[in-house]
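Start at 1 and go down the list; that is how both ligands and their atoms are numbered.
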Amino acid sequence: METQETGDAVAARAALAHANRIVVKIGTATITKQGKGGIDTAYIYHVAEQFAELVREGRQVILVTSGAIGMGARQLGLTKRVTEVRLRQACAAIGQPLLMDEYRRAFGVFDLNSAQLLVTRDEWDDRASYLNLRKTVETLLENSVVPVFNENDSVSTAEIGNAFGDNDRLSAYVASKIDAELLIILSDVDSLYDSDPRENPNAQRIPYVKEISAEHLAAAGGRGSEFSTGGMKTKLAAVAIARDAGCRVVIAHGREPNIIRRIASGEPLGTLFDAAHALKNRIRWLKNSQPRGRLTIDDGALAAIRERNSLLPRGVASVEGEFARNAVVLVNDIVKLISNYSSAELRAVMRKRSEEIEAILGEGAPHVVARPEEMAFLDE
Ligand code: GLU
């Protein structure tokens, strides 16, 4: 198992400095006062300060936070870890507004607004809810508001399968569904090791993982801290979800000073899980697939697609062929992309401004012809 930084690792770390959309997941053990329990307000301020600096740099940052159940339990004077499901759900209902209040105040000090998003798996799996959720998040980010996610523990039911069960997995879903480039998972574990560091004093830190192997899974062992839900195994499951969506993941110790900013500027901290293959495979697949239709776009749209991987219906001048949504389409003989629209839909909205699209195709209709990462330039 590699334990040294390699050429690939150096390149991947450097790319983190350019990650524009970043999801940060913070675990319960990290936000509570070390050794004493109860929320650590000073730490929350430190998180807010780092978010504010990233936002100032023009980056979009999303928070996924745990801690609701713990705060609710404390409020009820419960001293042991709460395990009974209905009591956990009640504690979440009590603790979530308290948790949110801490963040709201801390972000406010740095002139940032924050917004609460409570979700279960259902919202991501149902296409209409997912599109609404995604639009809400996009709109919050456009307005420099920090979206703060947690699982809606009071309504999630593991028995009927709509629960994430842990926020590591939730953070990976958030990262993959909103196309984040970097997911930072902060907890009381500073990195992946080649064996359990609590049992083996010679355990080696693994700074970079290109592909998750059986060895990594074996090394991850069982749970992390006894207070948190997700140990290293859960984290690796989350990493796999994010990587598949082309998102890099860093697992690091949340109490390291300025950890979020330092990771986002490419410092070699924690374990970096690369994601390069997901993207490359997709582009390779796109280049090799047979287009179902052809588009001609005007010169302005051609410049935008080259510069920003962006194509709006407004720039489409003609549509040839019949195709369904998600078909591969060839544009001006130089770009292949996966179309968000069917040929009929595209004919209805071509030359139209973005504001007119939903009136024509209905609420939730896509505003762009294709996602930026679903375009392959044949001459590159
Ligand atoms: N959603 C839970 C809470 O806020 C935590 C789940 C987790 O830590 O993975 O208390």
Keeping [X] on the side-chain end and [Y] on the backbone end, is there a donor-acceptor pair under 3.5 Å?
X: Arg21; Y: Asp179; value: no
X: Arg205; Y: Leu192; value: no
X: Arg243; Y: Asp274; value: yes
X: His216; Y: Ser213; value: yes

Taking N or O atoms only and a 3.5 Å limit, does [X] qualify as a polar contact for ligand 1?
X: Asp153; result: yes
X: Gly67; result: yes
X: Gly70; result: no

Checklist line | Heavy-atom closest contact (Arg306 atom, Ile334 atom, distance) | finding: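 Scanning both residues completely, I find the closest heavy atoms to be NH2-CD1, 3.6 Å.
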Next item on the list: Kindly give the heavy-atom pair with the smallest separation between Ile22 and Ala19, and that separation in Å.
Entry: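 For Ile22 versus Ala19, the nearest heavy atoms are CD1-O, 3.8 Å.
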Next item on the list: List every atom of ligand 1 that sits less than 4.0 Å from any heavy atom of Ser66, numbering the atoms from 1 in the order shown and giving each element.
Entry: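 Listed by number with element, the hits are 4 (O), 5 (C), 7 (C), 8 (O).
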Notebook entry, point to check: Considering only heavy atoms, does Asn150 approach ligand 1 within less than 4.0 Å through its side chain, its backbone, both, or neither?
Noted result: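 For Asn150, the contact with ligand 1 is made by the side chain alone.
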Checklist line | Location of contacts on Asp166 toward ligand 1, heavy atoms closer than 4.0 Å | finding: both
Check: Is it true that Ala92 lies under 4.0 Å from ligand 1, counting heavy atoms only?
Finding: no
